[in-house]
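So you know, we letter chains A, B, ... as the sequences are listed, proteins then strands, and number each from 1. Remember, it's a predicted structure, so these values are computed and weren't measured experimentally.
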There are 2 protein chains.
Amino acid sequence: MAERQPYGRGGRRPTLEQVAARAGVGRGTVSRVINGSPRVSERTRAAVQAAVAELGYVPNTAARALAADRTDAIALVVPEPERRFFAEPYFSDIVHGVGLVLAETEVQLLLTFAGGDRERRRLGQYLGAQRVDGVLLVSVHADDPLPDLVDQLGVPAVISGRRSEDEALSSVDSDNFGGGRVAVEHLLQRGRSTIAMITGPLDVYGARRRHDGCRAALAAAGHRVDPELVEQGDFTEEGGRRAMAALLARRPDLDAVFAGSDVMAAGARLVLREAGRRIPEDVALVGYDDSVIARHMEPALTSVRQPIVEMGREMTRLLLDEIAKRPEDRSAPGRRSQLVLPTELVVRDSS
Amino acid sequence: MAERQPYGRGGRRPTLEQVAARAGVGRGTVSRVINGSPRVSERTRAAVQAAVAELGYVPNTAARALAADRTDAIALVVPEPERRFFAEPYFSDIVHGVGLVLAETEVQLLLTFAGGDRERRRLGQYLGAQRVDGVLLVSVHADDPLPDLVDQLGVPAVISGRRSEDEALSSVDSDNFGGGRVAVEHLLQRGRSTIAMITGPLDVYGARRRHDGCRAALAAAGHRVDPELVEQGDFTEEGGRRAMAALLARRPDLDAVFAGSDVMAAGARLVLREAGRRIPEDVALVGYDDSVIARHMEPALTSVRQPIVEMGREMTRLLLDEIAKRPEDRSAPGRRSQLVLPTELVVRDSS
DNA sequence: GGATACGATGGGAGCGCTCCCACCGTGATG
DNA sequence: CATCACGGTGGGAGCGCTCCCATCGTATCC
């Protein structure tokens with residue numbers, strides 16, 4: 001193999017045409033080899049590959065994108081400021097899952113933050129500019145117009161979680177209903193009978209489903225669902241404290257609490273401790289998310305785990321499938337895939 | 001303004017040509033307006049802008065990249081697996097700093113992980129494919145061939161930290177020498193006289209500079225630099241423990257320790273405590289990085305802070321400058337910018 | 001041996017843009 | 001009144017690739 005050119009200082013890179021000349025074939029043939037078309041003889045293929053290696057040829061992405069109308073790149077759009085993105089292990093796991101699928105392809109992942117208003121507006125431009133073949137949307141709020149914008153632009157997209165019962169976009173969610181149910185079933189099995197619930201904001205779809213699953217488990221066990229034992233939080237630690245205080249005031253006899261997130265469980269724990277309740281002896285506590293704090297809490301928190309890495313994988317698979325279809329074959333709105341992955345209870349010391 | 005087309009279902013987006021037709025001008029004129037050229041009359045500019053708005057025109061990136069040979073995108077290349085990237089606040093701050101500068105431009109940031117070997121190899125292809133105008137390299141190891149590969153490809157690049165005294169690439173580093181010096185000066189001011197040092201691996205440039213600064217401070221104060229008081233660690237907690245144990249065995253009379261990283265300081269702290277030494281009463285402890293653990297340590301750790309956000313900003317500025325030059329004007333190897341930002345001592349309870 | 005089929009190949013057209021040169025008209029200048 | 005300068009404009013050429021159609025050769029069949 002000949003020495004490869006250092007292209008530095010503005011030297012131009014070899015083109016298809018030059019590879020073709022070197023290999024003594026036509027442009028079309030080289031293109032076929034590069035793209036792995038089967039309609040090339042073994043001899044020719046070898047000659048072309050040799051020429052590619054000698055010249056250190058790499059296809060120009062821009063030219064390919066322009067001619068073929070595809071970029072071989074997808075974007076992960078994070079509608080949050082960078083800080084939050086890095087702070088939450090959720091994103092890390094999603095990216096990891098995405099990466100696992102993309103590693104087997106030639107598709108590149110672009111991370112895009114759209115935290116601020118300005119960046120938000122620019123995103124439309126960005127997608128309109130056909131920089132990417134598709135979009136992965138994570139951490140989308142119920143009232144976020146972004147998904148609909150993306151959909152209207154005709155850009156294939158998959159959303160993590162869903163915004164409501166009838167999500168218009170393709171989505172991958174975890175089984176929030178099952179998660180809530182299994183948490184409460186676990187508490188019942190532990191012999192608890194007066195089970196309180198700190199929910200997330202009930203206009204958030206996932207939070208409502210956790211709540212529904214919880215009620216379902218109680219009903220299935222023949223328990224009455226007592227409104228006095230339900231208090232709404234806001235996914236913050238402070239919200240968890242407030243909710244716990246209210247529950248304790250109304251029902252000092254409660255012997256278990258299911259919180260819709262680990263962070264709220266952490267808040268609840270503080271209030272319980274201040275009230276002199278031992279965990280789990282007096283009150284069993286179960287959280288949701290299986291986050292880092294669950295493991296580090298004292299006592300370690302029983303929590304419901306979502307398969308986040310797996311969600312990242314499935315989102316990516318779904319998106320690549322959608323992209324692979326020709327535009328006219330793409331699923332019509334309303335007939336998109338809605339995937340729901342199972343959750344799992346991780347039992348620790350708090351229950 | 002007319003209703004904007006929803007392009008969905010494979011509908012094509014408007015082109016420059018169509019905007020030109022709509023505005024009753026030529027292609028060139030529209031291009032000039034889009035790119036903010038001053039050589040357009042106010043009348044014409046307004047007409048074109050109206051047409052752009054009516055059609056919802058967005059320039060096609062691929063076509064622009066092909067014609068102009070620039071992508072308006074830069075890549076942040078992280079030669080680490082995703083996990084580490086998210087785990088370390090360092091990266092979060094860098095990305096934040098980069099984002100601050102890019103927010104004022106039309107340049108897009110792409111995050112690229114090159115942790116695995118496979119991804120590593122693909123990166124060359126990626127850069128060769130002219131997907132980006134330049135590259136930001138962070139967390140590069142001394143023996144990493146990546147920077148030279150990038151340089152050889154003629155892709156403008158800026159590296160965070162430097163690999164050695166004579167870094168070939170443009171770089172932005174923090175003042176490790178000054179950081180080491182100020183840490184030790186602080187200990188001397190506190191009246192400590194027997195100051196031990198746990199260094200990072202001395203083949204890592206930054207670690208060596210911290211060590212050098214430390215020695216310089218000692219020498220300036222008229223202290224002899226006692227080899228018995230220097231022990232090399234490896235930036236891990238375990239390494240910090242081992243080093244501390246060795247130092248304590250050799251010199252039980254030491255009254256201060258400067259560790260080359262917070263994590264090593266954390267390891268040292270455990271050993272000191274096991275040996276019954278109180279911090280800071282018996283032994284003062286200073287770390288490096290001002291990481292989260294510094295604040296959360298018991299007692300809170302005095303540490304040297306690097307201006308990481310600022311480093312991200314400066315790296316980006318440097319890179320954009322380099323990109324703005326025509327290729328033939330770009331700095332020759334050896335005459336690249338080497339920027340060093342000041343470090344700062346954050347005094348807490350451990351000293 | 002000629003018609004047929006099909007795999008392999010070459011290269012024209014065109015993707016949407018920027019660059020640049022030619023050209024137009026106007027007002028200043030000799 | 002001819003000449004020049006210059007701001008403003010139109011549009012050809014070309015970026016490097018993919019797509020596709022025409023073409024060529026060879027194996028296959030009657």
Seminar exercise, completed: Per-nt protein contacts along nucleotides 19-26 of chain C (heavy atom under 4.0 Å; B base, S backbone sugar-phosphate only, - none) come out as -B------
For this session: Rounded to the nearest angstrom, tell me the gap between atom CZ in A:Arg39 and atom C1' in D:dC21.
Result: 14 Å
Exercise. Taking only side-chain nitrogens and oxygens of B:Ser41, does any of them come within less than 4.0 Å of OP1 or OP2 of D:dT9?
Worked result: yes
For this session: Quickly work out the A:Ile34 CD1 to D:dT18 C1' distance and round it to whole Å.
Result: 12 Å
Exercise. Looking only at heavy atoms, what is the nearest atom pair of B:Glu167 and B:Gln338, with distance?
Worked result: O-NE2, 3.0 Å
For this session: Write down the distance between CG (B:Leu66) and P (C:dC17), rounded to a whole number of angstrom.
Result: 12 Å
Exercise. Is the distance from OP1 or OP2 of D:dG8 to the nearest side-chain N or O of B:Thr44 less than 4.0 Å?
Worked result: no
For this session: Test A:Phe91 against A:Ile308 for side-chain contact (heavy atoms from CB on, under 4.5 Å), laying out the working first.
Result: CA-CA 9 Å; A:Phe91 295 112; A:Ile308 303 182; over 6 Å; no
For this session: Using whole Å, report how far CZ of A:Arg13 lies from P of D:dC15.
Result: 16 Å
Exercise. B:Gly24 or B:Gln130: which one's nearest nucleotide on DNA chain D is closer to the 5' end?
Worked result: B:Gly24
For this session: Working to the nearest 0.5 Å, report the span between CD of A:Glu310 and CG of A:Leu339.
Result: 9.0 Å
Exercise. Within this structure, what is the CG-to-C1' distance between B:Leu55 and C:dG16, rounded to whole angstrom?
Worked result: 15 Å
Exercise. Nearest to the side chain of B:Arg64, which nucleotide is it out of D:dT9, C:dA8, C:dT18?
Worked result: C:dT18
Seminar exercise, completed: To the nearest angstrom, the CG-P distance between A:Leu16 and D:dG16 comes to 10 Å
Problem set entry | Whole-Å distance separating the CD atom of B:Glu17 from the C1' atom of C:dG14 | 13 Å
For this session: Report yes if some heavy atom in the side chain of B:Val48 is under 4.5 Å from a heavy atom in the side chain of B:Val40; otherwise report no.
Result: no
For this session: Using a strict 4.0 Å threshold on nitrogen-to-oxygen distance, state whether B:Arg163 and B:Asp148 make a salt bridge.
Result: yes
Exercise. A:Arg131 CZ to C:dG16 C1': how many Å, rounded?
Worked result: 15 Å
Exercise. Hey, does A:Gln49 have a side-chain heavy atom less than 4.5 Å from the side chain of A:Val33?
Worked result: yes
List the atom pairs, with distances to 0.1 Å, where a side-chain N or O of residues 95-111 of chain B and a protein N or O form a donor-acceptor pair under 3.5 Å, not counting sequence neighbours.
residue  : atom : partner  : partner atom : Å
B:Thr105 : OG1  : B:Leu102 : O            : 2.9
B:Thr105 : OG1  : B:Val107 : N            : 3.0

